[in-house]
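Taking it in order: structure first as structure tokens, then the write-up.
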Amino acid sequence: MEFRILGPLEVIAAGRVVALGGPKPRAVLATLLLDADQVISVDRLIDGVWGEDPPPSAKNALQTYLSRLRRVIGPETLERHQRGYRVVACARQIDAQRFEHGVARSREALTADPAAALRSIDAALTLWRGPALMDLADDPAAQAEIARLTELRQVAAELRVDALLGLGRTAEAVAAASALVAEHPLREGSRARLMLSLYRAGRQAEALATYHEARIMLADEYGLDPGGELATLAQSILRQEPHLGPAVPALPQPPQPPQAPALPQPPPLPADRFLGRDVEVAEVRALLRDHRLITLVGPGGSGKSRLAAEVCRGLGRDVCVAELAGLADDTLLEPTLAQAFGLAVSTDLAGVAAVVGDRRIVLLVDNGEHLVDALAGVVPRLLTGLPGLRILVTSRVPLSIGGERRHPVPPLPAATAAVELFLDRAAAVAPDWRCDAAERAVVTRICERLDGLPLAVELAAGQLVALSPAQILERLDDPAALRTARRDVPARHRSLDTAIDVTYRLLDQPQRDTFARLSVFAGTFDLDAAERVAGDVLTPLTGLITASLVTTLPDTSPRRYRMLQTLRQYAGRRLGDDERRAVRRRHLARAAELAATADRELRGPHARWWLRALSAEQDDTRAALAFALGGEDPAAGLRLAADLAWFWYRTGHITEGLRWLRAGLDAAPDAPGDDRARALTGIACLQYLAGDVAASTEAILVALELARAAGHPTTLARASAYLTLSLGLRGQLEEGAKMGEEAREQAIASGADWVLPEALISIGLIAGASGDAETAAAALDEAIEVGTRCGFVWSAGSARWIRAKQAAVNGEHDEAYTLTRRATRDLDEEDDVTGWLATTHLLAGTLALTGRPGAGAVLLGAVDALGGQVGYSPQRMDPLNGPRNVAAVTSRLAPTEYDAAHRRGQLMDRAAVRAYIDGL
């Protein structure tokens, strides 16, 4: 039996075409043949036949089609399995696989036996009777295979041209390649074969015309140049290089152009060492090999010119330099460029083309930002007239023309290359200075404050003539601090403000206004935040990004942006006092709204997204807190801190959270009681994480008193639930049980689903500690059910964690392991930090209790290391059960075994821990 899918589906049995029925059964069989000899599920078959919107009767109809097909091609060929259906067919029975085999055989024979290669490829191509998998043209899952087979058909057709050329049948090769180019004019492999076929047929001019046709087509339609291989082939044809194949009839030599003048070389590089840009140099050189116009973009002082000069060294091409920094009149641009090629100032671009011809040249156009409009008109003419030309531009804004490849020049890594640059430049002005470890740490902070911007780092290093690193760091906010007295430095680079001024003067007024207002953001921001703070910003923001004053963060959606701190300080100085205050108030209002929303959403099904969102906004929430609590609006600052308390709890930011919450309470003694109660509840939670039960209880008692007076049900229920937890941890079980019942009633009355699990968890903890296992299990199971139903995954995970601890104490070790592993997975999927560390710590103990102490030791090491990074210790937070987990592991291992496994865990990051747990 033969199956044909290279065209309309056909099945051949005993030399005759088998009747398969209508389109639907044919689509079923085609779907099965996509993965012949594999079991295909019913759901996949339904997708292949009906797509994403199958009718209700799809499953019954599918069974009818499959039964009919089994009758036609035989049940031994179309097998039924528990998980679906399978077509039993080997490679020689399917035309697509025979075709692939023929292509491979032809490719292998091409060099040694082109005649055999031609026979093989002709036989393979005759298998095609139309488009591949026609019966699955509308199936999204089949598109990749359709595209692959279609591409392989084109490859086969190109191999056929190669075989014809190998046999010297150039006329047939020209005809075959011409047909390929007519069908796919932009396919460079086919066009290259046509060029070579024409050349070997003695038609050199037509071969070059074919190349130029591709150049014009790509430039007009897409603003692109032909690929490097096609351009190289054109040059080889022009020179009639021997490697192209059999000799062609001698062609008349074209008249020789006038002798081109010697091209000036780039000026000597500065005497200073070039540091920290090895990766960028390699990247830009690679771009110059493949593209004809590269623009290095970046803010003033980012090192574009120095990088470009370094790139041009060792390129293997002549290099000309056009320095435009001092050119103010764009009418002099063409003569200036002509002069760069070694011609008289009065020569225009036509004269350049006449004398330079197709010589392989790189033109470095340096500091072109103020002439981009003029360059946008001149550069395409240069590239068209000089086929061997590559142009490298440095500019604070791109040319924004077809064929341009932008390469942003990033700052230096602050902690490494920027420090090395500082030390190198410092040695030139302060040769007796020795940088010890303490001063290197200060230098690192200087480089971080300056964003690793090379010019800023060099200017700061120059201050070592008179100042120590600590003094330099103290003065970085003063714009006069970063200046140089060096005589060889251009005026535009003698201070950081002067360097930024050049770009600022190129902005229009809306861009300047937006630039100043965006300076209020301390970290990254998105478009919504920018609009809330600075108004209608999309158009001016786009201009600021183009001008390299705002950076887009890659791989973010929605897009996030940031300003370098040096640029932010400059922009902030453009704000008047009244406008600055108004912008910062809008910034505070936006942060407050974000935090209030997050406080609710972090207890729902989208908690993971909100944890990441608040993490991205941390710098700005800190700035908003400092502004509000600094005297602008202490009550708003306290409310903002209270809304962030749960985020700090989940992420383990214990010290930071306690600092802001206490600062808010101190700054706003007259704030509403509900806000003070929520802040104190946050302090109680964070003190619990820190293992200070006494301080936690003290805070929650005050919070409960304020909450009762304020009368907000949710705040009251939370405070009651956490007081229940505190009483349980202090051994006051009877009082805790009464408070737990109050918390349950208040949670139900509040109407907030997420509050009830917290109360139930506290009740379960008290009941377990009292020895009432049945009540504890019921409360915790209810907490899991309610938390799962309302999407509060943290509460379900925490309930499982306490349930597992009680099971472990009761000797139910397998149950404890199962519950803990589920809790660990759920909290990990939420990106939770403290809860995940606590459950992982318990998982280590349950692993030991179930016979795997070595794995437990690995996890203890990981928890110790990762917890130490955020200042959180599950063992300190849970002084009763934490030591039990450790003892369960250490008592079952020799000290050397434990130490080795523990060290292994200490080397793991979170992703490695996740993979390790998955592999248990």
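Quick caveat: nothing in here was measured; it's all calculated off a predicted structure. These values consider heavy atoms only, across backbone and side chains, with no hydrogens, waters or symmetry-generated copies.
Contact check for Asp781 versus Arg803: side-chain heavy atoms found under the 4.5 Å cut-off. Side chains of Ser197 and Leu165 form a contact here, defined as non-hydrogen atoms less than 4.5 Å apart. Between Val786 and Phe792 there is no side-chain heavy-atom pair separated by less than 4.5 Å. Put simply, the side chain of Arg80 does not reach to within 4.5 Å of the side chain of Leu66, judged on heavy atoms.
The distance from the CZ atom of Arg559 to the CG atom of Leu553 is 9.0 Å, given to the nearest 0.5 Å. Taking CG of Asp909 as the start and CG of Leu866 as the end, the distance is 7.5 Å to the nearest 0.5 Å. Note that CD of Glu229 is 10.0 Å distant from CG of Asp290, once rounded to the nearest 0.5 Å. Annotation: the span from Leu819 atom CG to Leu780 atom CG amounts to 9.5 Å, rounded to 0.5 Å. The line from CD1 of Ile917 to CG of Leu859 is 5.0 Å long, rounded to the nearest 0.5 Å. A distance of 6.5 Å separates CD1 of Ile5 from CD of Glu145, quoted to the nearest 0.5 Å.
Within the 3.5 Å criterion, the main-chain N or O of His81 finds no donor-acceptor partner in the side chain of Arg86. Side-chain atoms of Glu782 do not come within 3.5 Å of backbone N or O of Ala778 as any donor-acceptor pair. Side-chain atoms of Ser750 do not come within 3.5 Å of backbone N or O of Thr714 as any donor-acceptor pair. Side chain of Ser67 to backbone of Gln63: a donor-acceptor contact under 3.5 angstrom is found. Judged purely by atom type and a 3.5 angstrom limit, Gln93 uses its side chain to pair as donor or acceptor with the backbone of Met1. Between the Asp95 side chain and the Leu6 main chain, a donor and an acceptor come within less than 3.5 Å of each other. Not a single donor-acceptor pair under 3.5 Å links the side chain of Thr788 to the backbone N or O of Glu785. Under a 3.5 Å cut-off, the side chain of Arg562 and the backbone N or O of Gly523 do not form any donor-acceptor pair. Within the 3.5 Å criterion, the main-chain N or O of Thr210 finds a donor-acceptor partner in the side chain of Arg191. Arg98 contributes a side-chain N or O that, together with a main-chain N or O of Arg92, makes up a donor-acceptor pair within less than 3.5 Å.
The minimum heavy-atom distance between Thr839 and Ala823, with the atom names listed, is CG2-CB, 3.9 Å. Heavy atoms only, all atoms of each residue included: Ala616 and Thr524 are closest at O-OG1, 3.5 Å. Ala30 and Leu9 make their closest contact through N-CD2, 4.0 Å (heavy atoms, listed as atom of the first residue, atom of the second, distance). Considering all non-hydrogen atoms of both residues, Gln154 and Leu180 come closest at NE2-CD2, 4.2 Å. Of all heavy-atom pairs between Ile761 and Ser795, the closest is CD1-O, 3.4 Å. Considering all non-hydrogen atoms of both residues, Ala27 and Thr31 come closest at O-OG1, 2.8 Å.
Note on Glu593 versus Arg532: salt bridge recorded, some NZ/NE/NH1/NH2 to OD/OE distance being below 4.0 Å. Here Asp162 does not pair with Arg107 in a salt bridge; the nearest charged N to carboxylate O distance is not below 4.0 Å. With respect to the salt-bridge test (charged N to carboxylate O, under 4.0 angstrom), the residues Glu601 and Arg608 do not qualify. The existence of a salt bridge linking Glu617 and Arg612 is excluded, since no basic side-chain nitrogen approaches an acidic carboxylate oxygen closer than 4.0 Å. Between Asp753 and Arg603 there is no salt bridge, since no side-chain nitrogen of the basic residue lies less than 4.0 Å from a carboxylate oxygen of the acidic one. Classification of Arg148 and Glu100 as a salt-bridged pair holds, one side-chain N sitting under 4.0 Å from a carboxylate O.
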CA sep, side-chain torsions, deciding dist, call: Tyr649, Thr834, side chain to side chain contact (heavy atoms under 4.5 Å, CB included):
CA-CA 7 Å; Tyr649 181 96; Thr834 56; 4.2 Å; yes

Test side chain to side chain contact (heavy atoms under 4.5 Å, CB included) on Val72 and Val11; report intermediate values, then the result.
CA-CA 10 Å; Val72 171; Val11 178; over 6 Å; no

For ring pair (Phe, Tyr, Trp, His ring centres under 6.0 Å), just list the numbers for Trp646 and Trp754, CA-CA rounded to whole Å, side-chain angles, deciding distance to a tenth of an Å, and then say yes or no.
CA-CA 13 Å; Trp646 188 239; Trp754 57 267; 8.2 Å; no

Give the intermediate values and the outcome of salt bridge (charged side-chain N to carboxylate O under 4.0 Å, His left out) for residues Arg590 and Asp620.
CA-CA 10 Å; Arg590 189 257 172 186; Asp620 280 284; over 6 Å; no

Could you walk me through whether Arg4 and Glu2 pass the salt bridge (charged side-chain N to carboxylate O under 4.0 Å, His left out) test, one step at a time?
CA-CA 7 Å; Arg4 298 176 179 176; Glu2 179 186 354; 3.2 Å; yes

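Classification of the Phe99-Trp128 ring pair by plane angle, with boundaries at 30° and 60°, yields perpendicular.
Heavy-atom neighbours of Arg129 CZ from other residues, nucleotides or ligands within 6.0 Å: above the threshold of 12.
Of the listed residues (Asp826, Asp831, Thr824), just one forms a side chain to side chain contact (heavy atoms under 4.5 Å, CB included) with Trp836, and that residue is Thr824.
Between the side chains of Arg160 and Ser120, not a single donor N or O lies within less than 3.5 Å of an accepting N or O.
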